[in-house]
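Here is the structure we will look at.
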Amino acid sequence: MDLRQFLMCLSLCTALALSKPTEKKDRVHHEPQLSDKVHNDAQSFDYDHDAFLGAEEAKTFDQLTPEESKERLGKIVSKIDGDKDGFVTVDELKDWIKFAQKRWIYEDVERQWKGHDLNEDGLVSWEEYKNATYGYVLDDPDPDDGFNYKQMMIRDERRFKMADKDGDLIATKEEFTAFLHPEEYDYMKDIVVQETMEDIDKNADGFIDLEEYIGDMYSHDGNADEPEWVKTEREQFVEFRDKNRDGKMDKEETKDWILPSDYDHAEAEARHLVYESDQNKDGKLTKEEIVDKYDLFVGSQATDFGEALVRHDEF
C-alpha cells in the first residue's frame with residue numbers, strides 16, 4: 001500500500017468513526033498500565049513479570065527452566081546497569097520498565113528506519129524522509145484524493161526540526177523516535193499540543209472553544225439528542241478544562257488536558273522491586289541480588305507450574 005492509498009484508507013476510517021454518534025475520540029495521552037493482572041505478590045508475581053519484561057516477553061520466560069531464566073535475567077541486568085558501575089538503581093530500573101512497556105514503539109521505529117535511511121549511514125536526514133515519504137505525491141499538483149500533501153509535509157518538517165536537537169536536519173535513531181512518537185518525549189510535548197490545537201481550532205483563533213472541543217470528539221450527524229457522555233464532556237470543559245473560565249482553552253490548558261501528569265506506575269514498580277530484593281538495604285541492587293530473587297522479576301517453568309498448582313487448589 002503506497003502513501004496515498006494509506007491516507008485514503010485512514011480518511012475513510014476516520015469518517016466512519018465520526019459517523020457513529022455514541023463513539024468518543026480520545027485525545028488524552030495516558031501512561032499505559034504495566035499489566036492487566038492484579039498486583040498481589042501473595043498470590044503470584046505475574047504483575048511484576050509483565051511490568052519488568054512486558055506481557056509478551058514475560059510469556060516466553062514461562063517456558064524456560066529456572067537455570068535458563070536466571071541466565072537470561074543476568075544478561076538483562078547488564079543492559080539495565082547503564083553506567084556499568086555494577087549496581088542497578090531505582091532510576092535505571094524505572095527506565096528499563098518504561099522501555100519494556102514501550103517495546104512496540106522501538107520495533108515500529110526499526111521498521112520505519114529501514115525505509116528512510118536510504119544511504120544506510122545510520123542516520124535519517126530530512127531530505128531522505130521527505131523523498132521517501134512525499135517524493136512522488138508532490139509531483140502531482142492536483143491530487144484527486146483531497147489531501148493537501150504540501151501542508152502535511154510542512155507540518156512534518158516542523159516536527160522533524162523539533163525532534164532534531166542539534167539542528168543539523170539529520171536525525172539519530174533517538175531523534176527519529178521522538179519525531180515518530182513525540183508524546184513519549186518531554187521536549188516534544190509543545191509540538192504535540194500545537195498539532196492538537198491546530199486540528200481542533202477550526203476558526204484559527206489560537207484557542208479551543210467549547211463547540212470546537214465537542215465537535216472534535218462527537219459528530220451530531222443530524223441527531224438532536226446528545227448522548228450522556230457528550231453532556232458530561234460539556235460539564236468537564238466548563239468545570240475543569242477551562243481553568244480561567246474565559247470560555248476557551250489556551251495552550252497550557254490544552255496541555256493539561258491531553259498530557260496529564262499521571263501517577264508514575266513504572267517508578268512505583270521499580271521501588272517495589274528494589275525494596276523486595278535489596279538484601280543489604282543500600283538502596284540499589286547487584287546482579288546477584290536480582291538473580292537471587294529471579295522468581296520476582298521473571299517467570300520459569302517452575303514458577304508457572306507452582307502458580308498452576310495454586311490455581312488448581314483454589315479451584
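All values derive from a computational prediction rather than experimental measurement. Below, all heavy atoms of this structure are taken into account, side chains as well, without hydrogens, waters or symmetry copies.
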Handout entry: K84 atom NZ, neighbour heavy-atom count above 12 within 6.0 Å
Key = yes
Exercise for the section: Could I get the full list of side-chain hydrogen bond (donor to acceptor under 3.5 Å, both in side chains) partners for T60, not counting sequence neighbours? Expected result: none
Practice task
Not counting sequence neighbours, list each pair that qualifies as a salt bridge (Lys or Arg N to Asp or Glu O under 4.0 Å) and has a residue in residues 179-188.
Solution key: K102-E184, D186-K189
Practice task
State whether a side-chain donor-acceptor pair under 3.5 Å links Q236 with Y213.
Solution key: no
Problem - Side-chain heavy-atom pair E226, K231 within 4.5 angstrom cut-off - result: yes
Fill in the blank from the handout: By salt bridge (charged side-chain N to carboxylate O under 4.0 Å, His left out), D199 pairs with (sequence neighbours left out) R27, R155
Problem - Cation-aromatic face contact K173/W113, 6.0 Å, 45 degrees - result: yes
Handout entry: pair D250-N244: side-chain heavy atoms closer than 4.5 Å
Key = yes
Exercise for the section: List, by chain and number, the other hydrophobic cluster members for I170, where Ile, Leu, Val, Met, Phe, Trp and Tyr join if side-chain heavy atoms come within less than 4.5 Å, directly or indirectly. Expected result: L123
Practice task
In plain terms, say whether E252 and K255 are close enough for a salt bridge, that is, a side-chain N and a carboxylate O under 4.0 Å apart.
Solution key: no
Handout entry: Heavy-atom side-chain contact between E253 and I208 under 4.5 Å
Key = no
Problem - K161: salt bridge (charged side-chain N to carboxylate O under 4.0 Å, His left out) partners, not counting sequence neighbours - result: E157
Practice task
Return yes when atom NZ of K281 has more than 12 non-hydrogen atoms of other residues, nucleotides or ligands closer than 6.0 Å, and no otherwise.
Solution key: yes
Problem - Backbone of A268 reached by a side-chain donor or acceptor of D264 within 3.5 Å - result: no
Problem - Main-chain N/O of A266 paired with E269 side-chain donor or acceptor, under 3.5 Å - result: no
Handout entry: Test: D108 and R111 ion pair at under 4.0 Å
Key = yes
Problem - salt bridge (Lys or Arg N to Asp or Glu O under 4.0 Å) pairs, two or more places apart, involving residues 32-44 - result: K37-D50
Fill in the blank from the handout: Going by chain and number, the hydrophobic cluster around Y263 (ILVMFWY, side chain to side chain under 4.5 Å) further includes none
Problem - Qualifying residues under salt bridge (charged side-chain N to carboxylate O under 4.0 Å, His left out), relative to E288, sequence neighbours excluded - result: none
Practice task
List the steps and the verdict of salt bridge (Lys or Arg N to Asp or Glu O under 4.0 Å) for E195 and R159.
Solution key: CA-CA 9 Å; E195 290 178 0; R159 188 197 287 190; 2.7 Å; yes
Practice task
State which residue, out of L296, D292, V291, fulfils the side chain to side chain contact (heavy atoms under 4.5 Å, CB included) condition with S277.
Solution key: L296
Problem - Under the side-chain hydrogen bond (donor to acceptor under 3.5 Å, both in side chains) test, residues paired with D95 that sit two or more places apart - result: none
Handout entry: Sidechain-backbone polar pair: S35 side chain, A51 backbone, donor-acceptor under 3.5 Å
Key = no
Problem - Polar contact flag, side-chain donor to acceptor under 3.5 angstrom, D156-Y134 - result: yes
Practice task
Test D256 against every option in R241, K243, K251, M249 by the side chain to side chain contact (heavy atoms under 4.5 Å, CB included) rule and name the one that passes.
Solution key: K243
Exercise for the section: List for me each residue that meets salt bridge (charged side-chain N to carboxylate O under 4.0 Å, His left out) alongside D166, sequence neighbours excluded, and say none if there are none. Expected result: none
Fill in the blank from the handout: Here the gap from L273 atom CG to W96 atom CH2, rounded to the nearest 0.5 Å, amounts to 13.0 Å
Practice task
Might you confirm whether atom OH of Y275 has over 12 heavy atoms from other residues, nucleotides or ligands at distances under 6.0 Å?
Solution key: no
Exercise for the section: Would you mind checking if R271 and E267 are paired as a salt bridge, meaning a charged N to carboxylate O distance below 4.0 Å? Expected result: yes
Problem - Residues K70 and E67 bridged, charged N to O under 4.0 Å - result: no
Problem - Donor-acceptor contact present, side-chain D164 to main-chain D168, <3.5 Å - result: yes
Problem - Contacts of type side-chain hydrogen bond (donor to acceptor under 3.5 Å, both in side chains), residue N131, not counting sequence neighbours - result: none
Problem - side-chain hydrogen bond (donor to acceptor under 3.5 Å, both in side chains) partners of E211, counting only residues at least two apart - result: R234
Problem - Whether D209 side chain and K248 backbone form a donor-acceptor pair below 3.5 Å - result: no
Fill in the blank from the handout: Result for ring pair (Phe, Tyr, Trp, His ring centres under 6.0 Å) between F179 and one of Y129, Y185, Y187 points to Y129
Practice task
Say whether, by atom type as modelled, one donor and one acceptor occur between the side chain of E175 and the main chain of T172 under 3.5 angstrom.
Solution key: yes
